[in-house]
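Just follow the structure's listing: the first ligand is 1, and inside any ligand the first atom is 1.
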Amino acid sequence: MKNIVIAIDGYSSCGKSTTAKAVAAELGYAYIDTGAMYRGVTLYLLEHNISFEDLPRVEEALHQMQITFKRNRRSGRNELCLDGSIREDEIRQMRISNAVSEVSVIPAVRHAMVRQQQRMARKRGVVMDGRDIGTTVFPDAEVKIFMTADVYTRAMRRQVELAAKGEEVSLDDIVQNLQKRDYLDSTRAESPLRRAADAVLLDTSHITLDEQVDFVLERVSSVLVDGLRAAENG
Ligand code: DC
């Protein structure tokens, strides 16, 4: 089977990462959660008391910090590491969700992350989720999905996820955070969140996770079959 890139972009908390993880497991592909990388940068800047506006210090920090993923054998998950330590739980906290969109508008941050994402998927055979994968990181991705869902559905899912980690947050606070991030993500100058012209829209408001995964896998099969036909005919 040809190794391809599957780009899953869309709004916060639409189920992108759960879908991407399941698709990667099904295909034996690597899964790269690019949002975790921006969260990791945010955590680093906060911990080192670096103002997001202090661009020289942000650039210096980008050279110093090491953002990597480590596979957790027990859960099978790829966990985000900052300078070698797993920081998966901290990057999911609300304090990071509240600051991450301000960090991900910084062009130097985007350039560094995009370069690293392109290097990580050099050999293809990956499912990558984020905001700009189909438009900027891999405009040549063979499968592009753009996910969306009703904001209350997304907020309720996020509330359950946070509660499972012991963080009780009101639905209103989550809705506000999602709306703020949607706005900042879609209106920033550098690689804003937008649907690539060739991305397929997937609205997850009223469908199950299994249906989301099947939808993506069907797209993958049809792209692979078309590729085989083209190779036979060419
Ligand atoms: O997917 P997530 O909610 O964990 O992402 C956190 C933030 O990172 C999101 O609000 C916007 C930013 N992000 C981005 O700008 N580009 C990406 N490719 C992925 C995430």
For ligand 1, note which part of M113 has a heavy atom under 4.0 Å away: side chain, backbone, both or neither.
neither
Does a side-chain N-to-carboxylate-O contact under 4.0 Å join E90 and R39?
no
Which residue and atom name correspond to the protein heavy atom nearest atom 1 (O) of ligand 1, and how close is it?
R131 NH1, 3.0 Å
Checking heavy-atom distances from atom 7 (C) of ligand 1 to each of T42, N98, V100, T34, the winner is V100
Region of R181 that comes within reach of ligand 1 [heavy atoms, distance under 4.0 Å]
side chain
Y38, any N or O under 3.5 Å of ligand 1 N or O
no
Contacts of F69 that satisfy ring-ring contact (aromatic ring centres under 6.0 Å, His included) - sequence neighbours left out:
none
Side-chain donor-acceptor pair present, Y44, D83, cut-off under 3.5 Å
no
Would you call D132-R110 a salt bridge at under 4.0 Å N-O?
yes
N/O of K16 under 3.5 Å from N/O of ligand 1, yes or no?
no
At the 4.0 Å heavy-atom cut-off, does Q117 count as touching ligand 1?
no
For E26 and L217 the tightest heavy-atom approach is CG-CD1, 3.5 Å
Run through K180, R188, R181 and flag the one making a salt bridge (Lys or Arg N to Asp or Glu O under 4.0 Å) with E102.
K180
With heavy atoms under 4.0 Å as the rule, classify the contact between R188 and ligand 1 as side chain, backbone, both or neither.
side chain
Residue part near ligand 1, for R39, under 4.0 Å between non-hydrogen atoms:
side chain
Within ligand 1, which atoms have a heavy atom of D185 less than 4.0 Å away?
9 (C), 10 (O), 11 (C)
Closest non-hydrogen atom pair between N3 and G125, with its separation
CB-N, 3.6 Å
